[in-house]
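In listed order, ligands and their atoms are each counted from 1.
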Amino acid sequence: MASSIESTPIRSESVPHSATGAEPIKQFDAIVIGAGVAGLYQLYRLRELGLSVLCLEDGGGVGGTWYWNRYPGCRFDSESETYGYSFSKELQQEWDWKEHYSGQPENERYLNFVADKFDLRRNIQFNSHVTAATYDKAANLWEVQLESGQRMRCQFLVAAVGILSARYIPPFEGIDSFRGQSYHTSRWPKEKVDFSGKRVAVIGTGATAVQLIPIIAKEVAHLTVFQRTPNYCAPLRNSEVSEETQRRFKATYDEIHKKCLETPAGFPYDFDRRRAMEVPKEERLKFYEELWALPGFKKWLGNFRDIMTDPVANEDFAEFVRNKIRARVKDPAVAEKLVPKDHPFGAKRIPLETEYYEAYNRDNVLLVDVRETPIERITPKGIKTTDREYEFDIIIYATGFDAITGALTRIDIRGETGQTLKEKWAGGPRTYLGLQTAGFPNFFIATNTAFCNYTVCAEKVVEWITDCIRYVRDHNYSRIAPSPEAEDAWVKHVNEVGSQTLLSGTKSWFVGDNIPGKAHAILLYANTAPAYRAKIAEVAEKGYEGFLLQ
Ligand code: NA7
C-alpha cells in the first residue's frame, strides 16, 4: 500500500462516454456487473437458463463487499446461517459456519467455495472496472465499456453492484498532502497493516469503525477517534458454532430460511406484537434487559412493534441504551460524548459491537468530537481541527459509502434517449419495484433494496430477474422496461411508506444525507420484506403488470 490516499483513488464520476480500443467486441445474451453475493447467484441462474453470460468484476476475486472490506474486525451482523445462500441444499450441507457472526476471511472463503462449486469463475472477468453502459436502441443491445477501453455487448444488462460499495471519502482540504499511510476501510489491503508503535486516526464511528476500533486499539501506540455522530451501538455477542449447533443448522435449514422469509426484515426473529407503552414499565425494562442479553439485531428487530414508528416508544428504549453506554465508559465526559441524543434509536443503522465502549477506557485511546472542534484540513503530519493539529502515522477513513445509488450513478449508464441514470436520479432513485427504471430497457438492478437481511432478499430479486428474462424470451419479446406511470406510482409509494417510519427524518445513508449534495430521498423500501416480495410476485403473475414489453 502506498503512502497516500491517492493510491486508492475514488473513481471519477464523469467518465468518457466515447468508446475506444480496437479489439473485436464480444456479444453475450447477458452481462452481470459484480461478482458479490447477488452477482454470483445471478450469473449462476442466467447460465442455468441457457444464456451466454459474462460477469464483470472490479476486484481481483469474488465476494464484492467481502472481497473489499478486509479491515480488522469486519464481520456479519446477520446470523451466519441466514446470510449464506439458500438456493442449494447441497451447498448448505457442505459448508460449516465457524462463528455465529462470521468474519470477513471466512465470508470470502465461503463465496470462493460457492464460485468453485458451481464453476462460476469461467464466466467471470476480474479486474474489470465498468465505466459506461450505453443502450443502442436500433440494435436493442447494451454496450458496456471498461476502464481499460475494452467493450462488450449484451441484450440484458444486470447491475449487481451492491448497495454499500461506492466508497465515500469526505473532500477534506489537503487530503493528498498527508505523508503517512491512508486507508479507506472498504479498500483495505490484503497485506496485514502493521499498527505496532503507530499513532493512528480513525475518522467515522459508523458500523465499520465500531467493528474496527476495539481491535486496533489493542495494537496501536495511540488511537484518536474523530466522531461526528455517536451511534446506538448494541452488543453483538458473537460466539463459535458448536458441532451440535452446526448439525442443527444443517438439519433445519429449510425452517430457518422459511422463518427469515416470514419476518419483516428477513431475520430469524420478529418484532414483539405488543406496543411498547401499553406494557407496564417494570415489564418493559425486564423485556429490554432480556433483549440486551441476546446476540445480534434482536434488540432492534425483535423489539416492540412500534419501536420504528412511535417516537415515544422509541425514546423509551433509546434512553435504556444510553444508560447502557454510560455504564460502560469510565470517564463521564467521554461517556456523554458517546451517547446519541440527536436521532431516534434505529433511524440510523445500529452498529453491533464487541468491546467497543471499553476501547474508550484505554489510556491510549482519545475521542475527538468533531461537532465541537470540526476537522479543518488534513496536513502533511496529520489532522488539523479548529482546536489543534494532531500528528499521525496512519489515517483510516471509516467514512462510509454513497449508498444504494452511488455504485450505479458512478457508471455512465445511458438509456434510450441518451439520458444518464445519474441525471435521471438527480432527485433520488426512480425505479419500478427497485428492479428496473423507465427508459433503460433490459437493464435490471439486482440489489436488495428492501429493508432486509441481505442474501435472504437478494436471492429473491435475482430469481425474479431470471424469471422475467425467461418470460421475455419465451414470449418472443425482445425488450422490457417499466411504463413511466408505473414507475411514478412506485416512487410515490416508496416515499409514502418511508415517511411513515422514523427513518426519513434522520440524516443517514438510508436517505442519502451522508453525501454532501446528494438529494434527500428514501433509498430503501421501508415496507416489510414479505410485502415487497408479494408485490413483485403479483406483478409477475399478472404478466409483468406495469412493464412495457416489445
Ligand atoms: P457509515 O455508517 O456511513 O459511517 C460513516 C461514518 O463516517 C459516520 O460516523 C459519519 O458521521 C462519518 N463521517 C462521514 N463524513 C464525515 C466527515 N466529513 N467528518 C467526520 N465524520 C464523517 O459507514 P460505515 O462504513 O460505518 O457503515 C456502512 C454500512 O456498511 C453499515 O451500515 C453496514 O450495513 C455495513 P455521521 O454519522 O455522518 O455524522
* Among protein heavy atoms, which sits nearest to atom 26 (O) of ligand 1, and what does the distance come to when rounded to 0.1 Å? -> T208 N, 2.9 Å
* Structure fact -> So the atoms of ligand 1 within less than 4.0 Å of a heavy atom of T205 turn out to be 6 (C), 8 (C), 9 (O)
* Q227 to ligand 1, any heavy atom closer than 4.0 Å -> no
* Asked: What part of L164, side chain from CB on, backbone N/CA/C/O, both or neither, has a heavy atom under 4.0 Å from ligand 1?
  -> side chain
* Close side-chain approach of V37 and N448, heavy atoms under 4.5 Å -> no
* Asked: Are R328 and E353 close enough for a salt bridge, meaning some N to O gap below 4.0 Å?
  -> yes
* To do: Using non-hydrogen atoms of the residue, decide whether Y397 is closer than 4.0 angstrom to ligand 1.
  => no
* Taking N or O atoms only and a 3.5 Å limit, does N231 qualify as a polar contact for ligand 1? -> no
* Hey, looking at atom 10 (C) of ligand 1, which of K348, R371, R228 has the closest heavy atom? -> R228
* Take atom CD in E240; do more than 12 heavy atoms of anything else shown fall under 6.0 Å from it? -> no
* Asked: Which ligand 1 atoms does G204 reach within 4.0 Å, using its non-hydrogen atoms?
  -> 6 (C), 7 (O), 9 (O), 12 (C)
* **Sub-3.5 Å N/O-N/O distance, T229 and ligand 1** => yes
* Identify the residue among V62, V462, V158, L120 that makes a side chain to side chain contact (heavy atoms under 4.5 Å, CB included) with L43. => L120
* Enumerate the atoms of ligand 1 whose separation from the nearest heavy atom of F172 is less than 4.0 angstrom. => 17 (C), 18 (N), 19 (N)
* **Residue, atom name and distance, where the atom is the protein heavy atom closest to atom 23 (O) of ligand 1** => G400 CA, 3.2 Å
* Structure fact -> Contacts satisfying side chain to side chain donor-acceptor pair (under 3.5 Å) that involve residues 503-512 (not counting sequence neighbours) are none
* Structure fact -> Only one of L212, V193, I203 passes side chain to side chain contact (heavy atoms under 4.5 Å, CB included) with I396, and that residue is L212
* Asked: Hey, are S80 and E99 close enough side-chain-wise for a donor-acceptor pair under 3.5 Å?
  -> no
* To do: Give a yes/no on ligand 1: does I375 have at least one heavy atom closer than 4.0 angstrom to it?
  => no
* If you have a sec, work out which protein heavy atom is nearest atom 20 (C) of ligand 1 and how many Å separate them, to one decimal? => I203 CG2, 3.9 Å
* Nearest heavy-atom pair of H100 and N238: which atoms, and what distance? -> N-OD1, 3.5 Å
* Looking only at protein heavy atoms, identify the closest one to atom 3 (O) of ligand 1 and say how far it is in Å. => W509 CD1, 3.6 Å
* **Non-hydrogen atom of F226 closer than 4.0 Å to ligand 1** => no
* Structure fact -> Here the atoms of ligand 1 under 4.0 Å from any heavy atom belonging to P170 are 15 (N), 16 (C), 17 (C), 18 (N)
* Asked: Tell me: protein heavy atom nearest atom 4 (O) of ligand 1, and distance?
  -> G206 CA, 3.6 Å
* Is there any N or O on R349 that sits under 3.5 Å from an N or O of ligand 1? -> yes
* To do: For atom NZ of K337, decide whether the heavy atoms of other residues, nucleotides or ligands shown that lie under 6.0 angstrom number more than 12.
  => yes
* Asked: Considering only protein heavy atoms, which is closest to atom 31 (C) of ligand 1, and at what distance to one decimal place?
  -> A207 CB, 3.6 Å
* Would you indicate whether the side-chain heavy atoms of F451 and Y532 approach each other to under 4.5 Å? => no
* **Region of A398 engaging ligand 1 - heavy atom pairs below 4.0 Å** => backbone
* Exercise: do E108 and Y67 side chains pair donor with acceptor under 3.5 Å -> no
* For Y253, what residues pass the ring pair (Phe, Tyr, Trp, His ring centres under 6.0 Å) criterion, not counting sequence neighbours? -> none
